[in-house]
Amino acid sequence: TGQSSRLALWSVDLAGNTTPLGEPDIRWQQEAVGEVTNLLWWLPDGRLVCTRAMDKPNSTSSELWALPLDPRRGIPNGEPQVLAGYVGYGIGHLSGSAAGDRLAFLKREIQDDIFSVALDAEGRFAGEPTRLSVDRGTDRNSVWSPDGERIFFESDRFGSADVLVQSPGEPTPTRFLVGPDQDRPLGLAPGGHHLLVWRQEVGPSAHAGTLAVLSVPVSGGDPEFVTRLGKGEWLQCGAYADAPCVLSRKTDTGVAFYL
């Protein structure tokens, strides 16, 4: 059952009586691996094996969990245990051997990459797209530098979401903003001299449920704190130096936008 994107696991006996198997959690996977099905498997010893999204290093990583259940009553009979973790993959199509000592499953990789392509005067492709990022990590959310020579983009190749920069034609990117936090380029600040980045902080000092907006010189340097986005707020910035940023905020009647 789902509520606010959270999923709950229940067992049902033949008389229709239901028993919750824990609190609803957004990390129990239902759609994270696309159309992959069979995300649950009940072993002969009573353990229910299920897939769950990892908290780290990124949301495309998955874990196999085992929930001990009473095989006759279908109620929890111990603490959940992690069987294995797979970084960068979704897993599904679970099946178990008759003896319950082996599992088979499908491991599926979803990868985003950055491509660049020249445009003609009418905005049509003037050639074939060229892949900028050659790596097994997920690369996305690109922003061009004001001079059009470099591309800033988000990458998880180092374990967390970082901001890298690369020029078309260069074989490898340069680390621009790398650390344990989750960073994503938003766009250029008005004037074009700074890149705006949102940061989801991790660790005990993190501000839960909020995103910090940082400003970093496009030439490189230390980030400066700009503001913090609360729940229901989002900031979108343009790709051009003179483009304004737009703040969206959820209200009781819809969404309000601010320049």
Side-chain angles (χ1 to χ4, degrees), residues 5 25-34 36 39 51-65 82 84-92 105-116 129-145 150-168 170-188 195-216 218 220-223 225 228-229 234-237 239:
S5 299
D25 194 321
I26 196 173
R27 290 166 294 184
W28 294 125
Q29 292 186 341
Q30 182 183 35
E31 300 175 343
V33 288
V36 174
L39 302 182
T51 63
R52 177 170 170 154
M54 279 187 185
D55 293 323
K56 300 177 183 179
N58 53 61
S59 60
T60 59
S61 301
S62 303
E63 292 174 325
L64 281 174
W65 282 67
V82 180
Y86 300 93
V87 176
Y89 294 92
I91 50 181
F105 58 87
L106 173 70
K107 187 168 67 172
R108 180 185 181 199
E109 180 180 13
I110 301 175
Q111 181 176 342
D112 297 329
D113 292 303
I114 305 294
F115 289 76
S116 66
T130 301
R131 183 175 174 179
L132 180 73
S133 54
V134 182
D135 187 86
R136 291 187 62 82
T138 296
D139 302 323
R140 55 191 175 188
N141 298 313
S142 58
V143 176
W144 282 92
S145 62
R150 298 176 298 161
I151 301 174
F152 300 93
F153 60 94
E154 173 193 348
S155 178
D156 65 359
R157 67 184 65 188
F158 300 118
S160 61
D162 302 310
V163 180
L164 309 182
V165 61
Q166 186 174 353
S167 297
E170 289 184 342
T172 57
T174 301
R175 301 188 185 196
F176 184 78
L177 194 59
V178 177
D181 298 315
Q182 307 292 317
D183 296 326
R184 173 183 296 179
L186 279 172
L188 296 175
L195 178 72
L196 292 179
V197 176
W198 73 243
R199 168 171 290 179
Q200 183 176 7
E201 298 162 325
V202 299
S205 61
H207 295 75
T210 66
L211 296 174
V213 179
L214 309 176
S215 174
V216 189
V218 294
D222 295 329
F225 176 82
R228 189 172 299 279
L229 302 179
W234 185 252
L235 187 68
Q236 185 67 47
C237 298

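The shown structure was predicted, so the numbers you read here are calculated from the model rather than taken from an experiment. Atoms considered below: every heavy atom in the structure, side chains included; atoms not considered: hydrogens, waters and symmetry mates.
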The test is side-chain contact (heavy atoms from CB on, under 4.5 Å); show your working for Phe105 and Thr51 and say whether it passes.
CA-CA 10 Å; Phe105 58 87; Thr51 63; over 6 Å; no
For [X], what residues pass the side-chain hydrogen bond (donor to acceptor under 3.5 Å, both in side chains) criterion, not counting sequence neighbours?
X      : result
Arg157 : Asp139, Ser155
Asp183 : Arg199
Arg184 : Glu154

Are any side-chain N or O atoms of Arg175 and backbone N or O atoms of Asp162, one a donor and one an acceptor, separated by less than 3.5 Å?
no
If only atom types and distance count, is the side chain of Asn141 paired as donor or acceptor with the main-chain N or O of Pro185 below 3.5 Å?
no
Close side-chain approach of [X] to [Y], heavy-atom, < 4.5 Å:
X      : Y      : result
Phe152 : Val197 : no
Thr130 : Pro168 : no
Leu196 : Val143 : no
Ile151 : Trp144 : yes
Leu186 : Trp234 : yes
Leu195 : Val163 : yes

On a heavy-atom basis, which atom in Glu63 and which in Trp65 lie closest, and how many Å separate them?
OE1-NE1, 2.9 Å
Could you work out, with ring-ring contact (aromatic ring centres under 6.0 Å, His included) as the rule, every residue matching Phe153, not counting sequence neighbours?
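By the ring-ring contact (aromatic ring centres under 6.0 Å, His included) rule, Phe153 matches no residue at all.
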Set of residues satisfying side chain to side chain contact (heavy atoms under 4.5 Å, CB included) with respect to Pro180, sequence neighbours excluded:
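Counting only residues at least two positions away or on another chain, Pro180 forms a side chain to side chain contact (heavy atoms under 4.5 Å, CB included) with Val202.
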All side chain to side chain contact (heavy atoms under 4.5 Å, CB included) counterparts of Glu170, not counting sequence neighbours
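For Glu170, the residues satisfying side chain to side chain contact (heavy atoms under 4.5 Å, CB included) (neighbours in sequence not counted) are Gln166, Ser167.
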One pair to check against side-chain contact (heavy atoms from CB on, under 4.5 Å): Leu211 and Leu235. What are the steps and the verdict?
CA-CA 10 Å; Leu211 296 174; Leu235 187 68; over 6 Å; no
Would you sort out whether Phe115 and Asp113 count as a side-chain contact (heavy atoms from CB on, under 4.5 Å), showing the intermediate values?
CA-CA 7 Å; Phe115 289 76; Asp113 292 303; 3.9 Å; yes
